[in-house]
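A short write-up of the structure that comes next.
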Amino acid sequence: RMWYWFGFTQNDINITQTTGNADITKLRNISGKVHGTEVDGALTYKAFYTEGDKIKDGRTAVPNRSLETTWDQSGPSPIYSGSLSYFFNPNFEMSGQVSKVDGGFALVPKAGSGPGTQIIVDENGTWVNTFIDFASKRPSKQYAVRGNNFFSGAGWDHELKYGFKYRETERLSISRYGGDGVLAFAGPGGLGGSATLYRDGIAGDDTEHLNLWVGNTMLKGPWAVNYGLHYSSQEGKQAASNVPGNAILPCTSGFNPDGSCADGGIPSLMFSGFDPGVSWEDIMPRAGVTYTFDWENRLLLKASFGQYVDTYSNFDVSFNNPVAPSAVTYDWDDTNGDLLVQPGELGTTLLGTTNFDPLNPTAASSPDRIDTGLDAPRVTEFLFGGEYELARNFTLGANITHRIRDREWYSPLVDLNTGAPLAASNYSCAPIGTIAGVGTFSEEICTLNAGAFSSGAVDASRASILT
């Protein structure tokens, strides 16, 4: 015996912005499922497929974005899943499942990101020429086996559940700031602006998650009791990558005595990958009890306890990935008025950096760090509640839940030379005071002192992730 279904939907959402630019969206979904039984119903099989896609023509067509800087977005993200379940006897069932997600999407500016293209914000605050080109592939695979046993013992009926699940998730993200790797803000009359030169981000990572669990539900008269343990193991690595240098200042003119690039730019980078050394292993207990006081009116009280941990995501693994977008920022005067940055128009004073140490420009490592003692953030939950059936098919219920979250992370700014978090003495604070037309505020604004970092610690904007 088998049944199946297939479906297709598409929603068209067409918007015309106040600028006259069109923002066209198509939400498209294709789905299908097959479900069947064999061997007198003992064997059940299922197969499922769905493909969702969000197609946009002219995304972010807002007043300060010219048409050529708007994005065209596309996916899709197909999902495949298949499972088998078999009853060896009425009291013993095993099932297995395999699934795959080919996740990913792309945001492509209408002007593209070919050679010579730059992202410019003109003196009126309008984005022109092109925009960030971004693409991300996020495939994942998952395998699971589950078992159920039903039996009686010591006067109780038992349902024993156990199993394991393994999931691997990969991610490759590519970020490009125009073909020249430039994002610049023009000043009045083209003078007094700033230009940030980027090295493309081509960052990949892989995470693995293993879960094992066992639990028992016991039934006897008005009592229902459940208890169990859940084991979780999580780890991840950064993938190898080769990234070209900045197109207009690729650091091909040699190096200064202090190690910085002679042209002030960003060189190409060969990254062999990195293991942050973070491996999470957690054992989480869970238990609950329900008692029915009155079978006629169904007065029921319940209590439960459980622990849960966060997922070690690909974004956590890549916190200090050196092949994420890297940048240096300089003063810029558009002396020829063409709204394009040329090397000769840049100032010589470095205004700031992102994910890059100019005094060690070829380093295949980031100034950021991940604490190898990092633990998974954890939630401990207590629940108390009850239900009362006032009439047939009408029940009132109330729950009180108390959650405690611990092992949180924080990301302090650190001195790159000593590795120590910055102290309060590294900041200068002053009251906000009165803001015209808004009000008076007693809160303070704190800024880094000019001498907060000793010589060579040039990246004051980056953080280190610590427990």
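In this text the structure is predicted, and so the values were computed from the model without any measurement.
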Start with the C-alpha distance between Val317 and Asn314, add both sets of side-chain angles, then the distance that settles side-chain contact (heavy atoms from CB on, under 4.5 Å), and finish with yes or no.
-> CA-CA 5 Å; Val317 174; Asn314 296 77; 5.5 Å; no
How far apart are the C-alpha atoms of Leu197 and Thr329, what are their side-chain angles, what is the distance that settles it, and do they pass the side-chain contact (heavy atoms from CB on, under 4.5 Å) test?
-> CA-CA 6 Å; Leu197 311 183; Thr329 301; over 6 Å; no
Apply side-chain contact (heavy atoms from CB on, under 4.5 Å) to the pair Phe8 and Asn29, showing each step before the final yes or no.
-> CA-CA 6 Å; Phe8 172 83; Asn29 189 77; over 6 Å; no
Pair Ile266-Leu249, side-chain contact (heavy atoms from CB on, under 4.5 Å): steps then yes or no | CA-CA 7 Å; Ile266 307 181; Leu249 289 181; over 6 Å; no
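The side-chain tip of Arg65 points at the ring of Phe131 from less than 6.0 angstrom away and within 45° of straight on. The cationic atom of Arg171 (NZ for Lys, CZ for Arg) lies less than 6.0 Å from the six-membered ring centre of Phe315 and within 45° of the ring axis.
No donor-acceptor pair closer than 3.5 Å links the side chain of Asn256 to the backbone N or O of Asp258. Of the possible polar contacts, none joining the Asp180 side chain to the Val182 backbone as a donor-acceptor pair under 3.5 Å is found. The closest donor-acceptor contact from the side chain of Ser66 to the backbone of Trp127 lies under 3.5 Å. Judged purely by atom type and a 3.5 angstrom limit, Ser326 uses its side chain to pair as donor or acceptor with the backbone of Ala324. Panel note: side chain Asn360, backbone Asp357; no donor-acceptor pair is recorded below 3.5 Å. The backbone N or O of Asp310 sits less than 3.5 Å from a side-chain atom of Gln234, completing a donor-acceptor pair. Panel note: side chain Thr434, backbone Thr440; no donor-acceptor pair is recorded below 3.5 Å.
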Sequence neighbours excluded and cut-off under 3.5 Å, please list the side-chain donor-acceptor pairs for residues 95-114, or say none.
from   : atom 1 : to     : atom 2 : distance (Å)
Gln97  : NE2    : Ser81  : OG     : 3.2
Lys110 : NZ     : Asp57  : OD1    : 2.4
Lys110 : NZ     : Asp72  : OD1    : 2.9
Lys110 : NZ     : Asp72  : OD2    : 3.3
Ser113 : OG     : Asp133 : OD2    : 2.9

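Of the charged side-chain nitrogens involved, at least one lies within less than 4.0 Å of a carboxylate oxygen, so that Lys56 and Asp23 count as a salt-bridged pair. Remark: Lys237 does not engage Asp206 in a salt bridge, criterion side-chain N to carboxylate O under 4.0 Å.
Counting non-hydrogen atoms of other residues, nucleotides and ligands closer than 6.0 Å to CD1 of Ile404 gives a total above 12. Annotation: Ile13, atom CD1; neighbour count of heavy atoms from other residues, nucleotides and ligands within 6.0 Å is above 12.
Here CG of Leu27 is found 6.5 Å from OG1 of Thr25. Values are rounded to the nearest 0.5 Å. Rounding to the nearest 0.5 Å gives a distance of 4.5 Å between CH2 of Trp5 and OG of Ser31. One distance of note links OG1 of Thr126 with CG of Asn129; it measures 11.5 Å at 0.5 Å rounding. Atom CD of Glu170 is separated from atom CG of Asp205 by 9.5 Å, given to the nearest 0.5 angstrom. Considering CD of Glu208 and CD of Glu168, their distance stands at 5.0 Å, rounded to 0.5 Å. Atom CG in Leu350 sits 10.0 Å away from atom CG in Asp331 (nearest 0.5 Å).
Scored by the ring pair (Phe, Tyr, Trp, His ring centres under 6.0 Å) test, Tyr198 finds Tyr177 as partners (sequence neighbours excluded). Taking the side chain to side chain donor-acceptor pair (under 3.5 Å) definition, one finds that Arg28 meets it with Gln10, sequence neighbours left out. Applying the salt bridge (charged side-chain N to carboxylate O under 4.0 Å, His left out) criterion to Asp282, with sequence neighbours excluded, gives Arg407. For the side chain to side chain donor-acceptor pair (under 3.5 Å) test, residues two or more places apart in sequence or in another chain that qualify with Ser428 are Asn449.
The aromatic rings of His230 and Trp213 sit parallel to each other, their planes meeting at less than 30°, with 60° as the upper class boundary.
The shortest non-hydrogen separation linking Thr169 to Ser140 is OG1-CB, 3.6 Å. Counting all heavy atoms, side chain and backbone alike, Gly193 lies closest to Asp333 at N-OD1, 4.3 Å.
Inter-residue side-chain proximity for Arg199 and Phe356 is flagged as met; some heavy-atom pair is nearer than 4.5 Å. Using a 4.5 Å heavy-atom cutoff, the side chains of Met270 and Ser272 are not in contact. With contacts defined as side-chain heavy-atom distances shorter than 4.5 Å, the pair Val341/Ile248 qualifies. Contact annotation: the side chain of Ile174 never approaches that of Asp200 to less than 4.5 Å [non-hydrogen atoms, C-beta and beyond]. Side-chain contact check for Asp375 versus Glu281: every heavy-atom pair is 4.5 Å or farther apart. Between Gln307 and Val379 there is no side-chain heavy-atom pair separated by less than 4.5 Å. Using a 4.5 Å heavy-atom threshold, the side chains of Glu345 and Asp334 count as touching. Side-chain contact between Phe164 and Asn211: absent, with no pair of heavy atoms (C-beta onward) separated by less than 4.5 Å.
Each of Phe319, Trp280, Trp409 was compared with Tyr312 under the ring-ring contact (aromatic ring centres under 6.0 Å, His included) criterion, and only Trp280 meets it. Under the side-chain contact (heavy atoms from CB on, under 4.5 Å) rule, Ile202 has a single partner from Ser175, Ser241, Pro325, Ser173, which is Ser241.
Contacts classified as disulfide (SG to SG under 2.5 Å) and involving residues 327-358 (residues at least two apart or in different chains) are not found.
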